[in-house]
Number of protein chains: 4
Amino acid sequence: MTFRVGIINVTGFAGMEAARLLWNHPGARVAAVTGRSLAGQKLGEAFPHLAVYGDFPITADLEGSVDIVFSALPTAASAEACAPLVRAGIRVIDIAADFRLKDAAAFHEWMGQAHPAPDLLADAVYGLPELNRDAIASAQLVANPGCYPATAILALAPAVAAGLVLPQIVVDAKSGISGAGRASGGSFGYSEVNEDVSAYKIARHNHQPEIAQELGNLREGAVPKVTFVPHLVPMTRGIHATCYAPLVRDISQAEVTAIYTDFYRDAPFTSVVAAPPHTKHTLGNNMCLVHPVVDGRNGMLVVVGVLDNLVKGAAGQAIENMNLMLGLPQTSGLDLPAVYP
Amino acid sequence: MTFRVGIINVTGFAGMEAARLLWNHPGARVAAVTGRSLAGQKLGEAFPHLAVYGDFPITADLEGSVDIVFSALPTAASAEACAPLVRAGIRVIDIAADFRLKDAAAFHEWMGQAHPAPDLLADAVYGLPELNRDAIASAQLVANPGCYPATAILALAPAVAAGLVLPQIVVDAKSGISGAGRASGGSFGYSEVNEDVSAYKIARHNHQPEIAQELGNLREGAVPKVTFVPHLVPMTRGIHATCYAPLVRDISQAEVTAIYTDFYRDAPFTSVVAAPPHTKHTLGNNMCLVHPVVDGRNGMLVVVGVLDNLVKGAAGQAIENMNLMLGLPQTSGLDLPAVYP
Amino acid sequence: MTFRVGIINVTGFAGMEAARLLWNHPGARVAAVTGRSLAGQKLGEAFPHLAVYGDFPITADLEGSVDIVFSALPTAASAEACAPLVRAGIRVIDIAADFRLKDAAAFHEWMGQAHPAPDLLADAVYGLPELNRDAIASAQLVANPGCYPATAILALAPAVAAGLVLPQIVVDAKSGISGAGRASGGSFGYSEVNEDVSAYKIARHNHQPEIAQELGNLREGAVPKVTFVPHLVPMTRGIHATCYAPLVRDISQAEVTAIYTDFYRDAPFTSVVAAPPHTKHTLGNNMCLVHPVVDGRNGMLVVVGVLDNLVKGAAGQAIENMNLMLGLPQTSGLDLPAVYP
Amino acid sequence: MTFRVGIINVTGFAGMEAARLLWNHPGARVAAVTGRSLAGQKLGEAFPHLAVYGDFPITADLEGSVDIVFSALPTAASAEACAPLVRAGIRVIDIAADFRLKDAAAFHEWMGQAHPAPDLLADAVYGLPELNRDAIASAQLVANPGCYPATAILALAPAVAAGLVLPQIVVDAKSGISGAGRASGGSFGYSEVNEDVSAYKIARHNHQPEIAQELGNLREGAVPKVTFVPHLVPMTRGIHATCYAPLVRDISQAEVTAIYTDFYRDAPFTSVVAAPPHTKHTLGNNMCLVHPVVDGRNGMLVVVGVLDNLVKGAAGQAIENMNLMLGLPQTSGLDLPAVYP
């Protein structure tokens, strides 16, 4: 049996990446794709890199029968599209930010608008299998993590869970430009972005509460204070999060490495590495590489995490969640080397 | 049955790309890899993007039994490594330039050294399936095309074969930097190459005779004069060849398009497209996209060809050739969307 | 005395580059700048790289008294803005394409709209000092060359003027993305343009007739047939034109080099170089580097020309023209090393 | 009078940038340049972007009479070259790291070798005019700051000097690749660095003690603990330092902005800006842009600093120091807009 997947908004980068990754999935196939601006066009023509799909139709709304749906719409629009599906009993993975924060008031504060379906928040499961594998498997609605939070949480989770660090945490994240989405206008024009680094939304990016919420769930009494600063760097794909947390005690590098390695022993897609990882080591695949370093001189834990924002940070993560939800092997369709150089 | 592939010099970009692409091949697997500088190391550790290979050993020489060998050594060194294998009856695909030119004297002239195994030249088959599918299938030694010639020949072959153009041909090719190979020294340093375009080896690059030889084989009496100018552009992967050939007669765009489409009707990896193709539409996959344009005002045919120099221009082409040689479906392991953006 | 310069549309890349280059000009200064979208803002605040200008006002229309005006508006809008100035006796340099083609019908054909001021075409002088120094000096209206034509014409002029080549000319040009202008929308987004090369407007770009017109003026009876193909490469600044023209006779490299060197003996900003030039060798300065190569094997002359599209291809060229028009030394304010790396 | 400047090692990026910037200096000129690997060549030929220098000779050792010397040699080699000059009474600006740390033992620890001239350390002045203008003016030996420390110190100095922050400081710095120097080998090859971000020397880079030393001098009793993590990003020029320091008390954004603005009131080259600055806003000029942000939610001060690593981070800073040492206006030759886009 091959499961049928619907992709809402295949025209964004996350949606088209899901179509790319599903092409060779052994247990699931794309059965329907929507995209209002391109409705009526063929998937393989609208996107030449997906030419393998040929004349597969892009429709305005989901058509035909599907077993599971990915939504890759913008914030709030996604919840509006997902809610009726969820209520109709269809399993949904929301790649947008709509079901990540458990608190509708926090959503309102950080997103600047009311939540369209607050009643669904309680049952939504945060879709990071390294933390929530079993809950994902039985969830009907999964909130796929944001690309920044996925990186930061995977970098920090073992230390926070083990109580190694104080709550004052800094997450300094560098992102490729595809994180800003497709055709994203003048601010992301090549001439403006090339040969440039800049920070944005300093300490007020809406991924900050998502990081704090999930780290806070890892240990009784932990209420992390997360200062999160995202940066744009001139590359297309990749996130590099450098995380800083004061250590609560003297601890050796070996002990920290052991804690991390143990934490991710059963995680197929998060790997603890011995040298500073490069974002490019994960380009196009579903890996997150984590590298913890003890700065003993200053009593600081530094942890680097890297991943491909469109794969482990979006569409690949969604497929990993889908695999768990459908009872497929967790790594189905995702067992891929990275594209290098 | 799964065929066993040996890769000589997995440490170069073409060799490691072959390993990447073979990972998910349904009918063949990497059975041995060599790399003198890294002999004794593990493939999955030496190259983090190939972590899926884990502790697969890199050896100094091919070890164990293999059904077919890819050689990705530098010019001349490759022929030296291939010759004893060929003579021992092993099927070999040479990704280097050593068996492409049929004339040992021309090899000497353009490569600046004598050919190490001229007796093998006559039986070597030029490995471009769009032209030589049957000969490849029965070959024992296949000369995998150069990345520039693959692009230029696929762009020009239908027009030359149909006798549409005069022999005075210009091939203006733009290449990503990975074509220069790994760790290729100061001239290819990031600071020097970024934000820069330059031509090199103007009309004296050793891919020029390869292009002329293969185009010349397409039509009785055709002796193309090919002016070939390669350029480096600041990207990692991709070749864009813009080819110019004077038309011998008035001809409509529709007629040219029909000739091209017909020529590649059965080619799974060369596609005639209706708009100028982008190199990025082929990043990581085995496609070559061809776009012919009639410049009626000036009586000139302009044809653009694009491909990924490490895939259709090297390792993917080698696997396509391998598939034919081993009786596997031509597209095995190569049925992939491109990585975009 | 310091001449006062007005810049119409300082908000585009060419206009702001003029402001950058004029900052340290010893004989002229920016006296007024317009930019409708930013009218009322301060130049040094709207553009942080021009912070030296501080609170210099951006106005909707030229204010105050000016000695000369640069117009950097889009096609047709520029002619509409320039015409009344010219008629009022103000000297004008049009950086747009409006006064380059001598034939209003050709303008209509290539630009897709009627010329707004055809009566001014006859007296407009094509502003390439290497060809028209004296005429520029006495002109009231100068048509600043397009960035592609400037490169191609400077690369080919000595050969065409000397009658060395046949009329069937190919100009294969590679441009940085700033040539597409500021905030130029989705097609030029970083994620789409990075790691990509593509051709566009193959043999139908409106710079083609400009190249043909100016080359045609160089020699009695010459009617060049120019096939022009522009390409976008992933860099911000720079044009690299590779030009191909069949030689009419056997000629040595030394003789061609001598013809070129002699042609540009008195040109301060065009230099004949002995190795393939890099666009980056001209980044930020007003140089054009030209490198002719005889491909004796094929009877073809290959000439590379490179320049910075915003300097010698736009704003620097305008200042050079201004210097001639105002009787200042030709190199005033333009005697600059390039920015490297 | 025009002062005569000698540049030791003009062949590195910092040395050649000094030559670029001095070309239009109104009070000083390059009088001698050395570069062992290129001795005997012409400056304008060896470096096409410096063609304005024409046949200015590159010599093995400084020749002729100079008023001041810049040394741009590698660590330790620079001290060896500077020491005899200093002892002979020549004024020297060392662009290398050799005279920055006051403690010869710390030099030994962080650089891995003994200091070649420890007796000169006491009188060397740290060349950051924002902190040490008067001492620089009268110094005979100036230690030009490292590119990372210049950025971090300028970002943090006002807060540290005012006692606003706790000593546990994080400096997360992103650098363009030119910081690694010229022709810097395989690790900095284009194919490897493009489309990649990575950290290196996490918490063990030798710029860490330099930052701590200088911040520690700003306030009695302050002993900053600086965790410094440098990153490579795929661009040529530019440093972006994001600095994090816990606030000792509630403080408003307005108050912090006022403290910063006041601190740099008389600094011509450091500017406090109201929006996150882009590295590209300083490309090619001597500006440092600083942007402090209060993260009140977490009690954290975040300060971004950006500059061009080869200008304010190296050669421009050296010229600014030279101006002070020679009694020239501080901004001589450095009053430049940035190159944008």
Side-chain angles (χ1 to χ4, degrees), chain A residues 12-13 16-17 19-24 26 43-45 47-54 176-183 194-195 234-237 268-269 271 273-287 289 291 306 308 310-311 331 333-341, chain B residues 12-13 16-17 19-24 26 43-45 47-54 176-178 180-184 194-195 234-237 268-269 271 273-287 289 291 306 308 310-311 331 333-341:
Chain A
F13 285 152
M16 67 173 73
E17 184 72 351
R20 178 179 80 86
L21 291 166
L22 285 167
W23 179 254
N24 281 313
L43 185 54
E45 291 173 6
F47 301 111
H49 73 288
L50 297 178
V52 288
Y53 277 96
I177 312 299
S178 64
R182 188 165 159 243
N194 183 39
E195 192 69 7
M235 63 182 185
T236 301
R237 289 176 177 234
F269 293 117
S271 182
V273 296
H278 292 238
T279 58
K280 197 166 183 159
H281 290 158
T282 66
L283 198 153
N285 82 1
N286 200 49
M287 291 303 299
L289 306 180
H291 177 62
V306 303
D308 183 326
L310 295 179
V311 190
T331 59
L334 297 171
D335 174 31
L336 298 165
V339 177
Y340 183 94
Chain B
F13 284 152
M16 67 173 73
E17 184 73 350
R20 177 179 80 86
L21 291 166
L22 285 166
W23 179 253
N24 279 313
L43 185 54
E45 291 173 5
F47 301 110
H49 72 289
L50 297 177
V52 287
Y53 277 96
I177 311 300
S178 64
R182 189 166 159 243
S184 29
N194 183 39
E195 192 69 6
M235 63 182 185
T236 300
R237 290 176 177 234
F269 294 116
S271 182
V273 295
H278 292 238
T279 60
K280 198 167 182 159
H281 291 157
T282 67
L283 199 153
N285 82 1
N286 199 49
M287 292 303 299
L289 306 180
H291 177 62
V306 304
D308 183 327
L310 295 179
V311 190
T331 60
L334 297 172
D335 173 30
L336 298 164
V339 178
Y340 184 94

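Note that these values count all heavy atoms, side chains included, but never hydrogens, waters or copies made by symmetry. Letters A, B, ... are given to chains in the order of the sequence lines, protein chains preceding strands, and every chain is numbered from 1.
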A.B. asks: A:V52 versus chain B, heavy atoms under 4.5 Å apart: side chain, backbone, both or neither?
C.D. replies: side chain

A.B. asks: Given heavy-atom pairs under 4.5 angstrom as the criterion, report whether the side chain, backbone, both or neither of A:L310 touches chain B.
C.D. replies: side chain

A.B. asks: Which region of A:R237, side chain (C-beta onward) or backbone (N, CA, C, O), has a non-hydrogen atom less than 4.5 Å from a non-hydrogen atom of chain B, or is it both or neither?
C.D. replies: side chain

A.B. asks: Of all of A:G44, A:A19, A:S271, A:P341, which one pairs up most often with chain B through heavy atoms under 4.5 Å apart?
C.D. replies: A:P341

A.B. asks: Given that the side chain runs from C-beta out, which part of A:L283 has a heavy atom under 4.5 Å from chain B: side chain, backbone, both or neither?
C.D. replies: side chain

A.B. asks: For A:N24 and B:D335, indicate whether the former's side chain and the latter's backbone hold a donor-acceptor pair under 3.5 Å.
C.D. replies: yes

A.B. asks: With only heavy atoms counted, which part of A:M16 is less than 4.5 Å from chain B, the side chain, the backbone, both or neither?
C.D. replies: side chain

A.B. asks: Name the region of A:E17, side chain, backbone, both or neither, that has any atom closer than 4.5 Å to a heavy atom of chain B.
C.D. replies: side chain

A.B. asks: Could you measure the distance from the CG atom of B:N285 to the NE2 atom of A:H49? Nearest 0.5 Å is fine.
C.D. replies: 10.0 Å

